[in-house]
Amino acid sequence: MTDEFDSLDANVRWIATEARRPVPVDADARARLLEAVRREPVPTSAIPIMAWLTEPRGFSLPPFATAALAAGLVGIGVLGGLLLNRDGRRAEQSAVAVVHPQLPDSAAAHSVKFVLIAPQASKVSVVGDFNGWDAGATPMSSRSADGTWTVFVPLQPGLHTYSFVLDGSHFVPDPAAPMAPDDGFGHRNSVVLVRKPAT
Amino acid sequence: MKNSLIRSGIVAATLIAGATLLGAQDVRDRSGDPLGKLDPQTRYAVELMLDSAKLAGLPYGPLESKALEGISKRASGRDILVAVRRVLRTLRDARSALGPLASADELTAAAGALRVGISGAELTHLASVRDGKMSLTVPLIVLSDLVTRGVPRDTASLTINQLLRGGAADDDFLGLWRSVERDIVSGTDPGVALLNRVRQLPPRVQAGPPAAGVRPPEEAKS
């Protein structure tokens with residue numbers, strides 16, 4: 001290494017020597033340098049709204065507001081699902097006659113009114129071949145104090161098998177309709193016949 | 001404060017959209033694949049039976065409905081298969097009894113009658129005595145209900161037979177059913193309730209000759 005250095009041209013040796021000489025640095029230089037960097041503006045996104053949306057930030061809510069917000073969101077989600085569900089199952093055909101103890105009155109003429117008196121139940125729905133036996137598809141409402149639950153369901157003409165579901169899991173037949181034979185699962189169902197419109 | 005409200009609104013809107021989309025996805029799953037909750041083996045067997053019913057020209061809606069009913073009632077896959085198979089078998093027997101011109105509703109009602117113990121021969125006889133093209137759906141619904149509520153099978157079958165021969169209409173059968181059901185709930189013996197109520201029907205529907213084997217109410221009471 002020394003031999004190679006000695007063999008270099010004098011000018012080159014001078015440049016190398018000067019380059020190797022330590023440079024005296026002010027003790028505050030590093031601090032000044034960092035401060036200068038901090039003062040430089042932060043590069044921004046080309047789309048300001050995206051920068052605003054993606055910028056991490058924190059905020060706090062009181063527990064009461066958090067609980068209210070969560071409850072509201074769950075309610076909106078459930079309502080949205082129910083509305084979509086009902087729309088997807090809307091019957092298109094209509095009937096003029098229904099063989100059922102509870103004939104339609106104030107609702108549309110082709111709707112069948114299902115009625116059950118269940119004062120002890122906190123939730124009642126009707127399930128059957130018309131809603132895929134989905135206990136959440138056709139909830140019944142109770143507006144009277146005697147525990148009378150009702151719902152109008154548009155049904156297509158034909159024979160339908162159905163049952164009521166109390167509190168989500170207790171299946172009971174309609175006491176006001178003809179019974180179907182044993183369902184094979186330890187329960188009884190009811191039947192309703194919706195007649196085709198007279199031609 | 002204003003920024004905080006804006007941020008809260010954005011978070012709320014995002015969560016609402018997410019919850020609604022999740023709900024919609026659930027509905028699509030249910031409607032798009034109704035048998036999706038069955039285990040693969042049960043589902044395969046059920047679909048085979050659905051195909052079998054379609055090929056035979058039988059209504060397959062009752063089979064699919066029975067499978068969905070089993071899912072809703074949290075039945076085991078084995079129980080669901082047994083129930084669906086029984087529906088298929090009774091639909092086949094019903095068509096053999098009623099003939100190829102029977103409607104889907106008649107077949108379904110006849111399958112119910114077979115399940116409560118009415119024989120295929122009795123169904124054939126009922127079909128032969130009806131008035132013209134009268135549908136057997138309501139008479140068979142009433143017959144199945146009466147037997148389910150405890151009316152002796154022979155008594156119920158012969159009574160329906162007699163009413164059909166007399167030209168009874170659907171409303172006559174349903175009126176009879178309502179009366180008998182009320183009497184049974186009140187504590188009357190089911191067989192006696194039926195025979196008593198048959199005597200109260202309008203004469204026009206009692207025009208048929210008395211059905212053999214049907215005892216008068218007084219005798220049945222003793």
Side-chain angles (χ1 to χ4, degrees), chain A residues 53 57-61 65 69-70 72-85 87-89 97 99-101 127-137 157-161 163 165 169 171 175-193 195, chain B residues 3-4 7-8 10-12 15-16 18-24 26-28 30-31 34 61-62 64-66 68-75 79-80 82-84 86-87 104-106 108-109 111-116 137-138 141-142 144-149 170-171 174 177-178 181 185:
Chain A
L53 287 173
R57 49 172 66 85
F59 63 93
S60 59
L61 287 173
L69 179 63
L73 292 176
V74 169
I76 291 170
V78 169
L79 279 175
L82 283 175
L83 287 174
L84 285 171
N85 191 8
D87 287 344
R89 295 174 188 281
V99 178
H100 191 276
V127 293
D129 50 21
F130 44 81
N131 65 5
W133 295 88
D134 183 351
L159 187 60
H160 299 281
T161 306
S163 177
V165 188
S169 61
F171 290 82
M179 278 200 291
D182 171 31
D183 65 353
F185 307 117
H187 301 88
R188 295 279 183 199
N189 294 323
S190 301
V191 291
V192 56
L193 176 66
R195 290 178 181 144
Chain B
N3 283 342
S4 176
R7 291 166 188 155
S8 300
I10 291 171
V11 172
L15 289 174
I16 289 169
T20 306
L21 283 175
L22 281 175
D26 184 41
V27 171
R28 279 196 294 272
R30 280 201 304 259
S31 59
E64 187 177 54
S65 173
K66 183 57 68 178
L68 295 175
E69 181 186 351
I71 294 170
S72 177
K73 294 179 176 176
R74 296 181 174 83
D79 287 347
I80 291 174
V82 169
V84 174
R86 187 170 64 163
V87 173
D105 288 341
E106 282 181 312
T108 305
L114 289 168
R115 289 204 293 278
V116 300
T137 304
V138 171
I141 289 172
V142 171
S144 299
D145 174 274
L146 293 175
V147 175
T148 301
R149 292 180 192 271
D170 283 353
D171 288 343
L174 289 168
W177 166 77
R178 286 193 190 96
E181 188 266 341
V185 170

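By convention in this document, chain letters (A, B, ...) are assigned in the order of the sequence lines, proteins followed by strands, and residues within each chain are numbered from 1.
- The CG atom of B:D105 sits 11.5 Å away from the CZ atom of A:R195 when rounded to the nearest 0.5 Å.
- Note that CE of A:M179 is 4.0 Å distant from CZ of B:R149, once rounded to the nearest 0.5 Å.
- With a 4.5 Å cut-off on non-hydrogen atoms, B:A104 does not touch chain A at all.
- Heavy-atom minimum distance, A:F185 versus B:A75: CD2-CB, 3.4 Å.
- The nearest pair of heavy atoms linking A:P178 to B:I141 is CB-CG2, 3.6 Å.
- Residues B:E69 and A:D183 come closest through the heavy atom pair OE2-CB, 3.1 Å.
- Comparing B:K66, B:E64, B:R74 by how many heavy-atom pairs each has under 4.5 Å with chain A, the most go to B:K66.
- Interface remark: B:I71 contributes no atoms to any contact with chain A (heavy atom separation under 4.5 Å).
- When all heavy atoms of B:S144 and A:P181 are compared, the pair lying nearest together is CB-CG, 4.5 Å.
- Chain B forms the most heavy-atom pairs under 4.5 Å with one residue out of A:S163, A:G184, A:G158, A:P175, and that residue is A:G158.
- Side-chain atoms of A:D129 do not come within 3.5 Å of backbone N or O of B:S65 as any donor-acceptor pair.
- The heavy-atom pair separating B:W177 from A:A177 by the smallest distance is CZ2-C, 3.3 Å.
- Interface residue B:E181: only side-chain heavy atoms are found under 4.5 Å from chain A.
- Using a 4.5 Å cut-off between heavy atoms, A:D182 touches chain B through backbone and side chain atoms alike.
- Interface check for chain A: of the options B:A83, B:G70, B:A113, the most heavy-atom pairs under 4.5 Å are formed by B:G70.
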